Amino acid sequence: MSLQETLAQQVKQAILTTFNLELETVEFQATRKEFAGDVTVVIFPMLRVVKGNPVQIGETIGAYLLENVDVVKAFNVVKGFLNIEISDSYYSNFFNGIKDETTYGFVSANLADKAVMVEYSSPNTNKPLHLGHVRNNLLGYSVAEILKASGKKVYKTQIINDRGIHICKSMLAWKRYGNRETPESTGLKGDKLVGNYYVKFDQEYKKEIETLMASGNTEEEAKKNAPLLLEAQNMLQKWEAGDEEVVALWKMMNSWVYKGFNESYKNLGVDFDTLYYESDTYILGKEFVTEGLKTGVFVQEADGSVWCDLTEDGLDKKIVQRSDGTAVYMTQDIGTAIQRIKDFPDVGGMVYTVGNEQDYHFQVLFLILKKLGFEWAKNLYHLSYGMVDLPSGKMKSREGTVVDADDLIDEMASTAGEISEELGKLDGYSDDEKEALYKTIGLGALKYYILKVDPKKRILFDPKESIDFQGNTGPFIQYTYARIQAILRKADFDVSVRIDIPLHIKEKELIKQLELFPEVIQNAASQHSPALIANYTYDLVKEFNSFYQNVSILGADNQEEKTFRVQLSNQVASTIKNAFSLLGIQVPERM
RNA sequence: GGGCUCUUAGCUCAGUUGGAUAGAGCACCUCCCUUCUAAGGAGGCGGUCGCAGGUUCGAAUCCUGCAGGGCUCACCA
């Protein structure tokens, strides 16, 4: 039984014996720093049941607890707050119980439970990953890790948008202007090369529009009838008809992009358990459109198009199949969801990491899947996040106004390198070790910067104002970890023994902070919020730094105290490492 | 116009069952390296929690209205 459960029970008992009244719940909070005590019982809510003066009630309960609960050492009442001091022995006991756990706070998966599939990244294959994808990838990866740590079995996946007119645009531009360039011949990453042709298409397309408008066409006509666009559309038709030449080109260029993406994913430190391709799943979606027509979930119009009427649910009518019989976005998403459950029967729910511009789309998708009668449809969650905007506005790949993911990571690493060189603490490190470290720090800064804010808030990213390395940042936390490692390297004595000694106030505060971790993981999982993990870690580290500055660890007065402080530092370091692993951030041994 | 969402210090953000004098970091100003890594610590400055009502013993938090920003309402994805 946890401390809080014990106290709650005893508080209820106190009310029962003194007032002969039954209390349903007891409200707790951590005692504020300016008051003496560790745990606070809020008296006010009890007034609904127990009539009387809150201070007197508090005194009565306090006296009862002091009498009947061993670990209650003292109490005081301020207004309607009963502050309870808990004995050191409780915290010592708690700490000794966790000090050897290397994955303290993590719950191992119960394989009998249903698994969760987390989808993230899901790029188009016509351009490289940019800062927006970075937020998506970090969020998705982190939420997957958090769910795992909370005791769920998790599959990470993505849906690769590998077909469509936008893909044909870069294919066409390459065919026309590419001179048979390849990643090998140019030394460019495959996704970058293909992305360049996507931009090239847009430039040439715009020129054609201008020419057409100059010869008397309206803008609308020009956009519709530009030869390049018509040719791209023609290419799409050929692709769908299985034209050998087009399909071969498609395969070749996509393979370049995948190779490039894999490098970027490796660079970012994210991975996937299984992949889905849009070109594979839209067919299944169409089968279920037919199915839904039979069961009356969908309705067919005179022109042949198929719709789902959601007006009774407060939404609109939504098209699920065009009049020419081809699939739309919704169709393939229906197909993909169903395909996944077929492939992984143990999956009982899914998390979709997709920007908030698609809130409505997912609301509709989930509702349609429910109407189609899938019982897992109630366990679908859209992990919606705000866009990453630049001061100049939205990022647009076509116009080249994007912050490229690979470039950004490189810049962060080189900034970390500059700071590091200046501080000059890395004697004895080889150049390779240094490079690896700079990347760890740079990525740490970037990932923490993005993950510490609530996913649903939008982020304004100013490339000119570099990401901080001080204060509430990734490197600050990594630094604390590195400092602890330095101590652990020097502690050449046996730290495996159990120590029970009176606690320094800073030690007690640290243990209290550690005590919160398991609950933080559960909350972060149920709310799909890495920000909770980031903020918790920051609080833990601040608490540790205060401890570090206030007491000497290796210079403690006696061996017992020294041992205990090393044990405590070790568990803090391990918790930092584990918490950061949930954010996909590595921790360095030195920095 | 309808729907969803955001608004807390000069800037970036915490603040989750409604609870004590609303907290951090950055920036600015003081102090602390002959002591375990100063990417650190201690302190100062800085707030009508967008505005107005309401519910409550108690509201940044819940409800209503309003204002401002973002997204969305395609036979695009």
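In this text, all values refer to a predicted model and were calculated from it rather than measured experimentally. A note on names: the letters A, B, ... follow the listed sequences, proteins ahead of strands, and every chain is numbered from 1.
- Dashed line: the shortest gap from a side-chain N or O of A:K456 to OP1 or OP2 of B:G70 is not under 4.0 Å.
- Here OH of A:Y385 is found 12.5 Å from OH of A:Y120. Values are rounded to the nearest 0.5 Å.
- A distance of about 14 Å separates the C1' atoms of B:G41 and B:U35, rounded to the whole Å.
- If A:A416 and A:R32 are placed on RNA chain B by their nearest nucleotide, the residue sitting closer to the 5' end is A:R32.
- Glycosidic conformation of B:C71 is anti; the angle lies outside 90° of 0.
- A donor N or O paired with an acceptor N or O is found under 3.5 Å between the base of B:A20 and the side-chain atoms of A:T40.
- The ring of A:Y479 has its center no closer than 6.0 angstrom to the ring center of A:F469.
- The side chain of A:R48 lies closest to B:G58 when the candidates are B:C36, B:A77, B:G58.
- Here A:Y360 lies in heavy-atom contact (under 4.0 Å) with sugar-phosphate atoms only.
- Comparing the P positions of B:U12 and B:G54 gives a spacing of 33 Å, expressed to the nearest Å.
- Heavy atoms of A:K425 sit under 4.0 angstrom from at least one base atom.
- For A:F81 and B:A20, the ring-to-base geometry satisfies the stacking test (centroid distance below 5.5 Å, interplanar angle below 30°).
- Among the atoms of the strands shown, base atoms are found under 4.0 Å from some heavy atom of A:P45.
- A distance of about 26 Å separates the P atoms of B:U64 and B:C73, rounded to the whole Å.
- The A:Q470 side chain lies nearest to B:C26 when the options are B:A77, B:U37, B:C26.
- A:Q29 comes within 4.0 angstrom of a base, heavy atoms only.
- Whole-Å rounding puts the A:E240 CD to B:C75 P distance at 18 Å.
- Looking at heavy-atom distances under 4.0 Å, A:F476 makes contact with sugar-phosphate atoms alone, never a base.
- The local environment of NZ in A:K562 is crowded, with over 12 non-hydrogen atoms from other residues, nucleotides or ligands closer than 6.0 Å.
- Spacing of P atoms, B:A59 relative to B:A22, comes out at 13 Å, to the nearest Å.
- Using a 4.0 Å heavy-atom criterion, one finds that A:L315 contacts no nucleic acid atom at all.
- Side-chain nitrogen and oxygen atoms of A:K542 include none within less than 4.0 Å of the OP1 or OP2 phosphate oxygen of B:G40.
- Taking atom P in both B:C63 and B:U16, the straight-line distance is 15 Å, to the nearest Å.
- Within 4.0 Å of A:S305, counting heavy atoms only, lies at least one base atom of the nucleic acid.
- At a threshold of 4.0 angstrom between heavy atoms, the contacts of A:L47 with the nucleic acid are absent.
- A:Y479 does not qualify as a stacking partner of the B:G40 base, lacking a centre-to-centre distance under 5.5 Å together with planes within 30°.
- Donor-acceptor pairing under 3.5 Å is recorded for the side chains of A:E421 and A:Y438.
- Remark: A:Y536 is not in phosphate contact with B:A14, judged by side-chain N or O atoms under 4.0 Å from OP1 or OP2.
- Looking at which nucleotide of RNA chain B each of A:L423 and A:D389 is closest to, the 5′-most match is held by A:L423.
- Here the nucleotide nearest the side chain of A:V42, chosen from B:A77, B:G19, B:C36, is B:G19.
- Considering only the side chain of A:I441, B:A39 comes nearest among B:G40, B:A74, B:A39.
- If you check distances only, the side chain of A:N83 does reach the base of B:A20 with a donor-acceptor pair under 3.5 Å.
- Residue A:F28 is classed as a base contact, given a heavy-atom separation below 4.0 Å to a base.
- Note on A:E278: only backbone sugar-phosphate atoms sit closer than 4.0 angstrom, heavy atoms only; bases stay farther off.
- Within 4.0 Å (heavy atoms only), A:M387 reaches no atom of the nucleic acid at all.
- Checked by distance alone, A:Q527 brings a side-chain donor or acceptor within 3.5 Å of a matching partner on the base of B:U16.
- Separating the C1' atom of B:A20 from that of B:C28 is a span of 31 Å, rounded to the nearest Å.
- Considering only side-chain N and O atoms, A:T473 lies nowhere under 4.0 angstrom from the phosphate OP1 or OP2 of B:A39.
- Below the 3.5 angstrom threshold, one finds a donor paired with an acceptor across the side chain of A:S420 and the base of B:A39.
- Defined by atom type and a distance below 3.5 Å, a donor-acceptor pair is missing between the side-chain atoms of A:D38 and A:T31.
- No side-chain N or O of A:N161 forms a donor-acceptor pair with one of A:H166 less than 3.5 Å apart.
- As judged by a 4.0 angstrom heavy-atom cut-off over every strand, A:D324 is placed among residues making no nucleic acid contact.
- In this entry the distance linking CG of A:N356 with P of B:G69 reads 17 Å, nearest Å.
- Between A:K490 atom NZ and B:U35 atom P there is a gap of 11 Å when expressed in whole angstrom units.
- Side-chain proximity of A:R322 to the nucleotides B:A77, B:U8, B:U17 is greatest for B:A77.
- Between B:U72 and B:C11, the two P atoms lie 27 Å apart (nearest whole Å).
- Side-chain atoms of A:D316 lie closest to B:C73 of the nucleotides B:U37, B:A77, B:C73.
- B:G25 and B:A67 are spaced 30 Å apart, taking the C1' atom of each and rounding to whole Å.
- Listed pair A:N161 / B:A77 fails the phosphate criterion, with no side-chain N or O lying under 4.0 Å from OP1 or OP2.
- Looking at heavy-atom distances under 4.0 Å, A:V551 makes contact with a base.
- The side-chain hydrogen bond (donor to acceptor under 3.5 Å, both in side chains) search around A:E561 returns none, not counting sequence neighbours.
- B:A24 atom P lies 20 Å from atom CZ of A:F544, rounded to whole Å.
- Side-chain N/O atoms of A:Q522 and A:S526 include no donor and acceptor closer than 3.5 Å.
- In this structure, A:H361 places its NE2 atom 12 Å from C1' of B:C76, rounding to the nearest Å.
- In A:E519, the CD atom is not crowded: 12 or fewer heavy atoms of neighbouring residues, nucleotides or ligands sit closer than 6.0 Å.
- Using a 4.0 Å heavy-atom cutoff across all strands shown, A:Y449 reaches no nucleic acid atom at all.
- Between A:Y198 and A:F201, a ring centre-to-centre spacing not shorter than 6.0 Å is recorded.
- At the phosphate of B:C57, neither OP1 nor OP2 sits under 4.0 Å from any side-chain N or O atom of A:K79.
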